[in-house]
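All remarks here apply to the structure that follows.
Nothing here was measured: the structure is a model prediction, and the numbers come from that model. Proteins get letters first, then strands, A, B, ... in listed order; numbering begins at 1 in each.
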2 protein chains.
Amino acid sequence: MKDIKHFLRQKSLRPTKQRVIIANYLFDGVNKHVTAETLSNELLKMKAGISLATIYNTLHDFYEKGLLKKLMINSERIYFDTNTEHHHHFYSKKDQKLIDINVDMKVSGLPKPPKNKKINKIEVLVHLDN
Amino acid sequence: MKDIKHFLRQKSLRPTKQRVIIANYLFDGVNKHVTAETLSNELLKMKAGISLATIYNTLHDFYEKGLLKKLMINSERIYFDTNTEHHHHFYSKKDQKLIDINVDMKVSGLPKPPKNKKINKIEVLVHLDN
DNA sequence: TATCAGTTTAGAACGATTCTAATGTATTGA
DNA sequence: TCAATACATTAGAATCGTTCTAAACTGATA
Ligand SMILES: [Mn+2]
Ligand SMILES: [Mn+2]
Ligand SMILES: [Zn+2]
Ligand SMILES: [Zn+2]
């Protein structure tokens, strides 16, 4: 609580009531993949009625400060990942769930990128069946 | 023209004027990545004023028949790929462009999938910088 | 404590996609 | 050949996740 406020201030984010609640939930030590909707549902469960606008604002503010990573997995919603290290994912479309792959994976046989283009990062998405 | 009609009939798709125009454009031998919007623009260039509703219907009909693959690259739009073989992509966010990677790539160091889950397919997306 | 920049919020706006229901057309079989 | 009909096209409305707006509120600072 006290240290979450400090943590937010360090990132030049005012520790408002809403941001403290959201940061406490997101950065509790367990990596999470949330959407605005799943986060809103979690907050409602813990009786924190925070408006959707604030949830979107806060996710983007945290993203801007490097506290979250954005994942573009499908065209239906944006996922935010509390694991900001470079890593890969298992994805179950059926469960709409992502699972981190933190081990080192190597992609071999990659062709040269097109002229004047540089590789930024390689993302591996492992689709699960069931 | 004649053989596109035949091609559509083989897939149980009535060769209507609009479907023939769209199929001729998409399956001209050059693999393409289109969105409803980019396809609409191309059709306008060739003076074919086909309604957006028909473009969406046709893309989905072709997808249902296995003539197109759907790519979920970002949360802004759905891409359809005329290359229906399993393959990977370079992606330039700046250009909003996809480039096929058709060579065999291998991903090593992949961990076991979670209990009761089976790997369906592995997708590698190589993000380009500029 | 007063000030004020930054924040929250409800609700409107937006944009990609899907739906609706009226109109049009490819197919077919008499 | 040509109606009958099943399927396709279309404009515009609806939907839904997300962003914007502008008014009310609040944390930081002096
Ligand atoms: Mn989730
Ligand atoms: Mn394209
Ligand atoms: Zn992750
Ligand atoms: Zn492709």
Side-chain angles (χ1 to χ4, degrees), chain A residues 1-2 4-25 33-44 47-65 67-68 70-80 93 96, chain B residues 1-2 4-25 33-44 47-65 67-68 70-80 93 96:
Chain A
M1 206 111 325
K2 198 72 196 169
I4 275 283
K5 287 192 182 180
H6 184 241
F7 171 75
L8 291 172
R9 273 202 205 86
Q10 277 183 327
K11 295 285 172 180
S12 323
L13 290 165
R14 275 199 202 170
T16 63
K17 194 160 49 117
Q18 293 84 346
R19 283 175 177 168
V20 167
I21 291 169
I22 293 174
N24 265 315
Y25 170 71
H33 304 101
V34 302
T35 67
E37 194 192 14
T38 65
L39 178 55
S40 176
N41 290 340
E42 288 306 315
L43 294 169
L44 283 175
K47 310 279 184 218
I50 298 178
S51 78
L52 252 194
T54 297
I55 288 170
Y56 277 105
N57 288 340
T58 303
L59 287 172
H60 283 122
D61 294 345
F62 286 5
Y63 170 73
E64 294 289 313
K65 300 297 182 181
L67 302 176
L68 293 173
K70 255 189 216 181
L71 300 180
M72 307 307 203
I73 298 294
N74 62 43
S75 301
E76 279 137 37
R77 68 201 97 257
I78 296 169
Y79 284 89
F80 289 87
K93 184 179 180 140
Q96 296 274 302
Chain B
M1 204 110 327
K2 200 68 196 171
I4 275 284
K5 286 191 182 181
H6 184 241
F7 171 75
L8 290 172
R9 273 203 204 87
Q10 277 182 327
K11 294 286 174 182
S12 322
L13 290 165
R14 275 198 199 171
T16 62
K17 193 159 50 116
Q18 292 84 347
R19 283 175 177 168
V20 167
I21 292 168
I22 294 174
N24 265 315
Y25 169 71
H33 305 100
V34 302
T35 67
E37 196 192 12
T38 65
L39 178 54
S40 176
N41 290 340
E42 288 305 316
L43 293 169
L44 284 175
K47 310 280 183 214
I50 297 178
S51 78
L52 252 193
T54 296
I55 288 171
Y56 277 105
N57 287 341
T58 302
L59 287 171
H60 283 122
D61 294 344
F62 286 5
Y63 170 73
E64 293 290 313
K65 300 298 182 179
L67 302 176
L68 293 173
K70 255 188 216 180
L71 300 180
M72 308 307 203
I73 299 294
N74 63 43
S75 299
E76 279 136 37
R77 69 201 98 259
I78 296 169
Y79 284 89
F80 289 87
K93 183 178 182 139
Q96 295 274 304

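Taking each heavy atom of B/Leu8 and B/Ala23 in turn, the nearest pair found is CD2-CB, 4.3 Å.
Between B/Tyr79 atom OH and C/dT17 atom C1' there is a gap of 15 Å when expressed in whole angstrom units. Between the P atom of C/dT17 and the CG atom of B/Leu59 lies a distance of 9 Å, rounded to the nearest Å. Between the CZ atom of B/Phe80 and the P atom of C/dT17 there is a distance of 8 Å, given to the nearest Å.
For A/Glu42, the salt bridge (charged side-chain N to carboxylate O under 4.0 Å, His left out) partners are A/Lys45, not counting sequence neighbours. A/Phe62 is linked by a ring-ring contact (aromatic ring centres under 6.0 Å, His included) to A/Phe27, counting only residues two or more places apart in sequence or in another chain. For B/Phe80, the ring-ring contact (aromatic ring centres under 6.0 Å, His included) partners two or more places apart in sequence, or in a different chain, are B/His60. Not a single ring-ring contact (aromatic ring centres under 6.0 Å, His included) links B/Tyr25 to another residue, sequence neighbours left out. For the side chain to side chain donor-acceptor pair (under 3.5 Å) test, residues two or more places apart in sequence or in another chain that qualify with B/Thr54 are B/Ser51.
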Where along nucleotides 6-11 of chain C does protein come under 4.0 Å, by heavy atom, of base (B) or sugar-phosphate alone (S), with - for untouched nucleotides?
BSBBB-

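Counting non-hydrogen atoms under 4.0 angstrom, A/Glu76 reaches the backbone sugars and phosphates but no base.
Distances shorter than 4.0 Å separate some side-chain N or O of B/His60 from OP1 or OP2 on C/dT18. The side chain of B/Tyr56 places an N or O atom within less than 4.0 Å of a non-bridging phosphate oxygen (OP1 or OP2) of C/dT17.
Counting only residues at least two apart or on different chains, no salt bridge (Lys or Arg N to Asp or Glu O under 4.0 Å) pair has a member in residues 50-60 of chain B.
Heavy-atom contacts of chain A under 4.0 Å fall on DNA chain D between two terminal nucleotides, which in 5' to 3' order are D/dG17 to D/dA28.
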With a cut-off of 3.5 Å and sequence neighbours excluded, list every side-chain donor-acceptor pair involving residues 12-20 of chain A.
residue : atom : partner : partner atom : Å
A/Thr16 : OG1  : A/Arg19 : N            : 3.3
A/Arg19 : NH1  : A/Arg14 : O            : 3.1
A/Arg19 : NH2  : A/Asp61 : OD2          : 3.0

